[in-house]
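The structure appears right after this line, and notes come after that.
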Amino acid sequence: AGSIYLKLTTTDNGTCRPVKDSILLTLTNAPVVDAGSDTTLCADINALQLNGSKMNALGALWTGTGTGSFSSNAIILNPNYIPSHADTAAGSVKLKLFTTGNGNCQQVADSIIITLTNAPTISAGTYQILCSDVTSIALNALRTTATSSTWTTANGSGIIADSSLL
């Protein structure tokens, strides 16, 4: 930012005197916007707090490629984004933060990608009735999305040979 003073003078005027004019150019700072960092959000989290920032602009506006919504107002820098089921099914959504009230400068934008993952599920298997003299039990547990799980005893005692195996 700053200013530049320019003068213009005629030349090759013959017998006439030179004519002069001047102009003052004032330079304003260009707007800057930052939508934050790309992130991953699990489907069991209802909303993501956005963390945008702006400089040299009066306001900002969030938009998105998905069908989710902004919990408060899309014209504040840090609204919550609530992904829709369609966003989760698509696997990601792109949110864009635009500057508004840019004066004589062009609007600028920055975007983030929110990758949406399915929530983990787990099943410890089917209910079993066992005789007390059983020394080992075959369990048929299942899990999705998560890459590991751990068995613990909720009541009673016992030894779990490898608590990470399904």
*Determine, stepwise, if the pair Leu58 / Thr100 fulfils side chain to side chain contact (heavy atoms under 4.5 Å, CB included).*
CA-CA 6 Å; Leu58 295 178; Thr100 61; 5.6 Å; no

*At what distance, to the nearest 0.5 angstrom, does OG of Ser71 lie from OH of Tyr81?*
11.5 Å

*Inter-residue atom distance His85.NE2 - Thr67.OG1, 0.5 Å rounding*: 9.5 Å

*In this structure, are over 12 heavy atoms from other groups packed under 6.0 Å from Ile82 atom CD1?*
yes

*Heavy-atom pair with the smallest gap, counting every atom of Pro79 and Trp62*: CD-NE1, 3.4 Å

_Please report the interatomic distance CG(Asn140) to OG(Ser123), rounded to the nearest 0.5 Å._
9.5 Å

*Could you tell me which non-hydrogen atom of Lys94 sits nearest to which non-hydrogen atom of Ser111, and how far apart they are?*
CE-OG, 3.3 Å

*Hey, quick one: are Leu95 and Phe98 part of the same hydrophobic cluster, counting side-chain heavy atoms closer than 4.5 Å, chains of contacts allowed?*
no

*Where do Asp44 and Ala119 come nearest, in terms of heavy atoms and distance?*
CB-CB, 3.8 Å

*asked:* I'd like to know if the side chain of Thr65 reaches the main chain of Val93, judged simply by a donor and an acceptor atom lying under 3.5 Å from each other, with no hydrogens or angles considered.
replied: no

*Does atom CD of Gln128 have more than 12 heavy-atom neighbours, drawn from other residues, nucleotides or ligands, at distances under 6.0 Å?*
yes

*Between the side chain of Tyr5 and the main-chain N/O of Ser22, is any donor-acceptor distance below 3.5 Å?*
no

*More than 12 heavy atoms from other groups under 6.0 Å of CG on Asn46*: no

*asked:* When you group the ILVMFWY residues by side-chain heavy-atom contacts below 4.5 Å and let the links chain together, are Leu116 and Phe70 in the same group?
replied: yes

*Taking all heavy atoms of Trp151 and all of Ala141, pick out the closest pair and write down the distance.*
CZ2-CB, 3.6 Å

*Establish, from distance only, whether the side-chain atoms of Thr28 and Asn104 form a donor-acceptor pair under 3.5 Å.*
yes

*With a 4.5 Å limit on heavy-atom distance, are the side chains of Cys42 and Pro120 in contact?*
yes

*Report whether Ile23 and Leu27 are members of the same hydrophobic cluster (ILVMFWY, side-chain heavy atoms less than 4.5 Å apart, transitive linking).*
yes

*Give a yes or no on this: more than 12 heavy atoms of other residues, nucleotides or ligands lie within 6.0 Å of atom CG of Asp34.*
yes

*For the residue pair Asn29 and Met55, establish whether any side-chain heavy-atom pair is separated by less than 4.5 Å.*
no

*asked:* Let me check something: do Leu6 and Val19 share a hydrophobic cluster, defined by ILVMFWY side-chain heavy atoms less than 4.5 Å apart, either directly or through other members?
replied: no

*Do you know which two heavy atoms are closest between Asn80 and Ala47, and how far apart they sit?*
CB-CB, 4.0 Å

_Looking at every non-hydrogen atom in both residues, tell me the closest pair between Asn102 and Pro31 and how far apart they are._
OD1-CG, 3.5 Å

*What distance do Lys54 atom NZ and Asp110 atom CG have between them, rounded to the nearest 0.5 Å?*
15.0 Å

_Membership question, hydrophobic clusters at under 4.5 Å side-chain separation (ILVMFWY): are Leu50 and Leu77 in the same one?_
yes

*Taking side chain as C-beta onward, heavy atoms only, is Ile122 less than 4.5 Å from Leu142?*
no

*Taking Ile114 as the fixed residue, which of Leu41, Thr40, Asp87, Asp38 is the one that meets the side-chain contact (heavy atoms from CB on, under 4.5 Å) rule?*
Leu41

*Verify the distance criterion only: is there a donor paired with an acceptor across the side chains of Thr144 and Thr121 at less than 3.5 Å?*
yes

*Going by the side-chain contact (heavy atoms from CB on, under 4.5 Å) test, name the single residue among Asn56, Val33, Val32 that passes it with Thr99.*
Val33

